[in-house]
*Asks:* 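This is the structure, below, for whatever I ask next.
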There are 2 protein chains.
Amino acid sequence: MSVQERKQRERAERERLIVATARELAERQGWEAVTTRRLAESIEYSQPVLYSHFRGKREIIGAVALQGATELAAAVRAATSAADGPRARVAALAFAYLDFAARNPAVYDASFQLDGGLAYAQEDTPEPLKDAFAALLETLEGVAGGGVPPGLFTEVFWAALHGLATLTRAGRLLPEDAEARVELLVDRLAMV
Amino acid sequence: MSVQERKQRERAERERLIVATARELAERQGWEAVTTRRLAESIEYSQPVLYSHFRGKREIIGAVALQGATELAAAVRAATSAADGPRARVAALAFAYLDFAARNPAVYDASFQLDGGLAYAQEDTPEPLKDAFAALLETLEGVAGGGVPPGLFTEVFWAALHGLATLTRAGRLLPEDAEARVELLVDRLAMV
DNA sequence: CTCTGTTGTCTAGCAGTGCTAGGATCGACT
DNA sequence: AGTCGATCCTAGCACTGCTAGACAACAGAG
């Protein structure tokens with residue numbers, strides 16, 4: 001069985017290569033530059049190989065999205081655990097979130113803006129997405145305030161961050177006052 | 001000169017038809033269904049005619065976006081002027097905004113999500129966009145709270161609404177608790 | 001009323017997209 | 001050593017946004 005195992009390993013390796021390459025390409029030149037032809041060319045295989053791993057382009061975006069969610073969760077947890085006190089932890093969460101979105105625009109888009117064919121807010125939601133939300137919840141549930149369900153509070157806080165992230169990157173908000181906006185958001189929303 | 005005037009009128013009329021048709025098509029089947037061929041077919045002209053009015057598809061989206069911004073501003077102003085008291089006016093603004101986004105998803109996307117080739121937050125920003133922001137500002141500047149620039153407060157509030165609108169429509173947030181989320185947002189952000 | 005020149009429109013086509021059918025090739029097992 | 005199945009690629013489909021160039025319609029001049 002070692003032959004088959006080797007083949008499986010190689011297949012899995014190639015799949016990682018596809019996702020990594022798609023991500024790089026998207027981060028470097030935008031998702032509109034990620035075509036099946038260019039992607040196939042980059043991994044030095046023909047187009048149909050992509051379709052032996054993924055149903056289509058959407059699923060490739062979805063794979064990048066899951067990677068992104070995992071990393072976002074890790075970034076948020078790292079930032080919050082390094083901060084002292086509820087107020088500082090919430091602020092650290094917000095800055096970490098926006099920083100991630102700004103540094104990985106293509107990945108962030110894959111996760112929260114593009115259609116990666118993933119289920120959200122449902123039972124069959126992939127684990128990384130649920131975990132990313134959980135990472136936010138862990139810190140935010142402490143500052144939801146009385147009578148407010150932590151989940152609901154987290155959704156609102158998340159939406160605000162998402163709005164700041166997307167509007168800023170789309171040029172709708174000037175990046176200069178980014179910090180002031182975050183401070184205002186944290187001061188008002190978090191009940192410390 | 002009346003002949004030329006008539007032609008100009010007809011041209012303007014056809015341009016309105018293009019925008020209206022693109023909007024209908026997008027609202028009915030999504031922007032990905034708005035192709036230059038289908039659009040040309042719908043207005044009963046050939047494709048190149050579109051390019052005698054607009055530089056490309058992006059500009060058509062941009063035209064729909066401007067319409068949308070104008071209507072959004074009107075909807076917000078209508079809702080706020082019908083409400084009594086600062087708290088009620090802010091809530092009315094929020095509900096009107098989200099209602100507009102939910103009822104006109106394609107138009108909302110054109111305005112704030114897709115690339116319509118429009119400038120934002122700059123000097124050469126089209127008037128309808130500036131006015132839509134102004135409509136929010138008019139109501140929100142009264143509840144910004146001391147020491148907080150009204151413009152900054154409006155940006156944050158807008159971002160939160162935008163986040164709620166997009167995440168809800170993308171299936172990231174369940175629509176059930178929509179009202180509770182808005183109430184929470186208004187209660188926390190607005191200093192009545 | 002005819003001719004002319006401009007203005008407007010359409011046909012046809014380019015280069016690119018996501019995706020797939022079918023043939024070729026390679027290699028693991030009998 | 002030969003067979004047969006898995007794997008991969010070539011070629012192509014139907015579509016996209018966009019454009020060059022042929023063609024027709026029509027206002028203005030004579």
Side-chain angles (χ1 to χ4, degrees), chain A residues 1-19 21-23 25-26 28-65 106 109-110 114-118, chain B residues 1-19 21-23 25-26 28-65 106 109-110 114-118:
Chain A
M1 289 297 116
S2 116
V3 170
Q4 288 196 3
E5 284 177 8
R6 193 205 67 218
K7 287 203 171 184
Q8 270 192 332
R9 265 204 319 274
E10 289 174 354
R11 237 189 101 75
E13 178 52 36
R14 192 173 62 182
E15 190 159 317
R16 273 193 295 275
L17 178 63
I18 292 172
V19 176
T21 307
R23 177 177 176 163
L25 214 50
R28 203 136 34 88
Q29 309 188 257
W31 276 110
E32 74 281 354
V34 182
T35 69
T36 56
R37 266 168 252 269
R38 258 194 284 265
L39 187 49
E41 169 81 12
S42 293
I43 65 168
E44 296 182 318
Y45 280 95
S46 70
Q47 280 178 284
V49 166
L50 301 175
Y51 293 86
S52 75
H53 289 272
F54 302 95
R55 284 174 181 278
K57 193 183 171 182
R58 270 175 41 162
E59 270 198 5
I60 299 179
I61 296 176
V64 174
D109 279 355
L114 300 178
D115 179 14
L118 302 174
Chain B
M1 289 297 117
S2 116
V3 170
Q4 289 196 3
E5 284 179 8
R6 193 205 68 216
K7 287 203 172 187
Q8 269 193 333
R9 264 203 320 274
E10 287 173 355
R11 237 188 102 75
E13 177 54 36
R14 192 172 63 183
E15 190 159 316
R16 272 192 296 275
L17 179 63
I18 292 172
V19 177
T21 305
R23 176 177 177 164
L25 215 50
R28 203 138 32 87
Q29 312 189 269
W31 276 108
E32 74 281 355
V34 182
T35 69
T36 55
R37 267 169 252 270
R38 258 194 284 267
L39 188 48
E41 168 81 9
S42 293
I43 64 168
E44 297 181 314
Y45 281 93
S46 69
Q47 282 177 284
V49 166
L50 300 175
Y51 293 86
S52 76
H53 289 272
F54 302 95
R55 284 175 181 276
K57 193 183 170 182
R58 270 175 42 163
E59 271 198 5
I60 299 178
I61 296 176
V64 174
D109 279 355
L114 300 177
D115 179 14
L118 302 173

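Sequence lines set the chain letters: A, B, ... in the order given, protein chains first and strands last, and positions in each chain run from 1.
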*Asks:* Using only side-chain N and O atoms of Thr35(B), determine if any of them is under 4.0 Å from OP1 or OP2 of dT16(D).
*Replies:* yes
*Asks:* Take the protein atom OH of Tyr51(B) and the nucleotide atom C1' of dG13(C), then report the distance between them rounded to whole Å.
*Replies:* 14 Å
*Asks:* Rounded to the Å, how far apart are Glu44(B) CD and dG8(C) C1'?
*Replies:* 18 Å
*Asks:* Think Thr36(A) has a side-chain N or O under 4.0 angstrom from the OP1 or OP2 of dG18(C)?
*Replies:* yes
*Asks:* Suppose we screen for side chain to side chain contact (heavy atoms under 4.5 Å, CB included). Which residues come up paired with Phe54(B), at least two apart in sequence or across chains?
*Replies:* Glu15(B), Ile18(B), Val19(B), Glu59(B), Ile60(B), Ala63(B)
*Asks:* Give a yes or no answer on whether the side chain of Arg38(A) reaches the backbone of Ala33(A) with a donor-acceptor pair at less than 3.5 Å.
*Replies:* yes
*Asks:* Taking CD from Glu41(B) and C1' from dC10(C), how many angstroms apart are they, rounded to a whole number?
*Replies:* 14 Å
*Asks:* For a quick test of reading the model, state the closest non-hydrogen atom pair linking Thr21(A) to Ser42(A) and the distance between them.
*Replies:* CG2-CB, 3.5 Å
*Asks:* Can you tell me which nucleotide in dT17(C), dT19(D), dA21(C) comes closest to the side chain of Arg38(A)?
*Replies:* dT17(C)
*Asks:* For nucleotides 22-24 of chain D, print each protein N/O atom paired with a nucleotide N/O atom at under 3.5 Å, atom names and distance only.
*Replies:*
none

*Asks:* Of the options dT17(C), dT9(C), dA20(D), whose atoms approach the side-chain atoms of Arg37(A) most closely?
*Replies:* dT17(C)
*Asks:* Would you mind reporting whether Leu50(A) and Ile43(A) have side-chain heavy atoms less than 4.5 Å apart?
*Replies:* yes
*Asks:* Roughly how many Å is it from NE2 in His53(B) to P in dG17(D), rounded to a whole number?
*Replies:* 17 Å
*Asks:* Does the base of dC10(C) carry an N or O that pairs as donor and acceptor with the side chain of Gln47(B) under 3.5 Å?
*Replies:* no
*Asks:* Without decimals, in angstroms, what is the distance between Ile61(A) CD1 and dG18(C) P?
*Replies:* 9 Å
*Asks:* How would you label the contact of Arg58(A) with the nucleic acid (heavy atoms, under 4.0 Å): base, sugar-phosphate, or nothing?
*Replies:* nothing
*Asks:* Grab the two heavy atoms, one from Gly117(B) and one from Asp115(B), that are nearest each other, plus how far apart they are.
*Replies:* N-OD1, 2.9 Å
*Asks:* Rounded to whole Å, how long is the line connecting atom CG of Leu39(B) with atom C1' of dC18(D)?
*Replies:* 14 Å
*Asks:* Considering non-hydrogen atoms only, spot the tightest contact between Ala110(A) and Trp31(A) and give its length.
*Replies:* CB-CZ2, 3.8 Å
*Asks:* dT9(C) phosphate, OP1 or OP2: any side-chain N/O from Arg14(B) under 4.0 angstrom?
*Replies:* yes
*Asks:* Any non-hydrogen side-chain atom of Thr35(A) less than 4.5 Å from a side-chain atom of Lys57(A)?
*Replies:* no
*Asks:* Grab the CG-P distance between Leu50(B) and dT9(C) for me, whole Å please.
*Replies:* 11 Å
*Asks:* Give the rounded distance in Å between these two atoms: CZ of Arg11(B) and P of dT9(C).
*Replies:* 7 Å
